[in-house]
There are 2 protein chains.
Amino acid sequence: MSKHDATPEANGAAGEPRLSRASVQRFSLYLRHLERWKKEGLEVVSSSQLGDALGINDAQVRKDLAYLGNLGQPGIGYYTQELISALRYRLGVDHTWNAVLVGVGNLARALLRYGGFAQQGFRFVGLFDADPQKVGQKIDGLQIHSPEKLAAVIAAERVDLAVVAVPAAEAQQVADALVAAGIKGILNFAPTLLRVPTHVSLIAVDLAVQLEQLAFLVHLAQQESTDAR
Amino acid sequence: MSKHDATPEANGAAGEPRLSRASVQRFSLYLRHLERWKKEGLEVVSSSQLGDALGINDAQVRKDLAYLGNLGQPGIGYYTQELISALRYRLGVDHTWNAVLVGVGNLARALLRYGGFAQQGFRFVGLFDADPQKVGQKIDGLQIHSPEKLAAVIAAERVDLAVVAVPAAEAQQVADALVAAGIKGILNFAPTLLRVPTHVSLIAVDLAVQLEQLAFLVHLAQQESTDAR
DNA sequence: GGATGTGAACGACTTCACAGCG
DNA sequence: CGCTGTGAAGTCGTTCACATCC
């Protein structure tokens with residue numbers, strides 16, 4: 001999913017260890033565990049503890065963390081606080097990100113009320129919906145605007161991120177409007193592949209596919225257990 | 001995410017092409033596009049059409065589809081209807097799947113009302129929540145039960161799949177109860193790694209991580225454009 | 001000609017294994 | 001000793017390239 005850009009071979013200086021797409025996927029997870037452990041008073045963690053928590057190999061953890069610099073203490077582990085700070089810095093969550101949410105259905109409501117976001121430094125500053133019935137309403141203190149106001153709000157509030165939760169048929173056109181308004185990243189929940197310029201980052205989450213996926217895995221497992229006899 | 005089992009090396013007969021985890025990820029997407037095209041009257045599709053639609057290489061598409069048998073017609077392409085049927089069969093969505101939903105918050109509501117599921121052959125037959133305030137209420141005609149009834153409902157309604165949308169702290173315990181009740185697959189939205197036996201399939205979707213991910217990509221892109229000068 | 005199916009090359013990610021340091 | 005950092009090996013997934021067939 002999400003065929004990105006990531007600068008084809010614009011690695012000017014060449015060399016730099018390289019940061020794999022897969023590692024990026026794990027940084028947020030490391031951070032979450034570390035923050036919990038820190039709260040529980042753990043001052044030092046080892047790569048194998050982190051590995052266990054994520055269900056991966058300890059060498060993998062060390063490779064990932066090496067990207068942050070040489071923070072590990074041989075014979076000891078990593079200092080929790082130091083790791084957290086380094087991760088926050090690298091992840092870019094050491095400051096607040098403003099985001100807009102386009103398409104105010106149940107999913108949008110769920111996302112808004114899902115505490116996790118605010119806690120991790122994300123702030124929704126604008127809601128948008130094309131349905132005239134919804135425009136003007138308020139949810140959790142946030143007013144729903146007409147999509148025409150997208151550009152204005154994005155500029156005024158210095159918004160970098162957008163969440164797209166509209167029907168598939170409208171998604172591309174919403175994305176185009178967001179891109180035109182200067183958005184830097186889009187989290188897409190619409191079940192369709194969005195085409196965006198390479199300078200805009202894209203993450204796609206397709207809920208229907210996930211459940212189908214699960215059904216498939218179960219189906220496979222059943223077939224296998226049938227085959228096996 | 002989602003470290004699975006998938007039978008370590010139980011490939012008894014050995015040989016079979018092998019079905020990569022990654023291919024599985026794409027089958028649902030193929031099916032979605034095919035169904036749309038079929039509705040639009042398209043009788044034949046080529047691997048490159050499908051590849052464009054998903055943003056991947058055409059050889060990849062052929063490799064994936066080869067798993068369904070030799071359906072392709074050299075010089076022609078694939079017959080839409082035939083592909084759809086084969087995919088439905090292999091995906092296991094040629095029949096309805098019963099599912100339960102544990103944890104009735106906004107996300108659960110969003111999922112319930114998200115038409116995509118019903119349309120693709122998934123039927124929610126039970127809702128569960130530990131909050132006594134919620135037990136007894138109805139949503140979209142479905143009654144919310146106390147978690148104690150899990151086992152009974154799962155058995156009575158022949159439920160194979162469960163969606164877990166409870167807070168992280170309760171998720172493992174819910175999963176354990178589901179497993180004990182004989183569930184075959186779990187779709188987990190709680191931001192934590194669930195441990196389940198190998199005979200239970202697991203798919204995890206972590207929304208907070210996705211947004212953090214996006215922030216990270218944008219952050220990286222900004223750094224790069226800064227470095228570049 | 002036009003599209004499939006597939007071995008072989010390639011590239012990305014993971015694991016191993018071990019030197020090195022506190 | 002224990003745990004990190006990392007080259008080397010291994011595994012998995014993707015792309016290439018081309019023989020093959022309608």
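Numbered from 1 within each chain, the chains take letters A, B, ... in sequence-line order.
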For a quick test of reading the model: is some side-chain N or O of [X] closer than 4.0 Å to OP1 or OP2 of [N]?
X	N	value
B/Asn57	D/dC16	yes
B/Arg62	C/dT4	yes
A/Tyr78	D/dG5	yes

* Asked: What pair of heavy atoms forms the shortest contact from A/Leu202 to A/Leu194, and how long is it?
  ->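 Residues A/Leu202 and A/Leu194, closest heavy atoms: CD2-O, 3.6 Å.
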What is the distance, rounded to the nearest whole Å, between atom [atom1] of [X] and atom [atom2] of [N]?
X	N	atom1	atom2	answer
B/Gln25	D/dC12	CD	P	16 Å
A/Leu68	D/dT4	CG	P	14 Å
B/Asn70	C/dA3	CG	P	18 Å
B/Arg21	C/dC13	CZ	P	18 Å
A/Lys63	C/dA12	NZ	P	15 Å
A/Gln73	D/dG5	CD	P	8 Å
A/Tyr79	D/dC3	OH	P	13 Å
B/Gln60	C/dT4	CD	C1'	15 Å

Categorize [X] for me: base, sugar-phosphate, or nothing, with a 4.0 angstrom heavy-atom threshold over every strand shown.
X	value
B/Ala22	sugar-phosphate
A/Gly72	sugar-phosphate
B/Asp58	nothing

* To do: Classify the ring geometry between B/Phe27 and B/Tyr30 as parallel (under 30°), tilted (30 to 60°) or perpendicular (over 60°).
  => perpendicular
* Asked: Below 4.0 angstrom, N of the basic side chain to O of the carboxylate: do B/Glu35 and B/Lys39 qualify?
  ->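 Result for this pair is no, no salt bridge flagged.
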* Are any of the side-chain nitrogens in B/Asp94 or B/Arg88 under 4.0 Å away from the carboxylate oxygens of its partner? ->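 The answer is no: the pair does not qualify as a salt bridge.
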* Using heavy atoms and a sub-4.0 Å distance, could you list which residues of residues 41-51 of chain A are near DNA chain D? By number, please. =>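 Residues of residues 41-51 of chain A under 4.0 Å from DNA chain D: A/Ser46, A/Ser47.
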* Of the listed nucleotides C/dA8, D/dA17, C/dT14, the one nearest the side chain of B/Ala59 -> D/dA17
* Asked: Which nucleotide in the set D/dA17, D/dT6, D/dG2 lies at the smallest distance from any side-chain heavy atom of A/Pro74?
  ->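 Nucleotide nearest to A/Pro74's side chain: D/dG2.
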* Asked: Is the closest side-chain donor-acceptor distance between A/Gln210 and A/Asp206 under 3.5 Å?
  -> no
* Asked: How do A/Ser23 and A/Gly75 order along DNA chain C: which one's closest nucleotide is nearer the 5' end?
  -> A/Ser23
* Within the distance-only criterion (no hydrogens, no angle test), does the side chain of A/His199 pair as donor or acceptor with the backbone N or O of B/Ala221 below 3.5 angstrom? ->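 Judged by distance alone, no pair lies under 3.5 Å.
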* Asked: For A/Gln49, does its backbone N or O pair with a side-chain atom of A/Ser46 as donor and acceptor, under 3.5 Å?
  -> yes
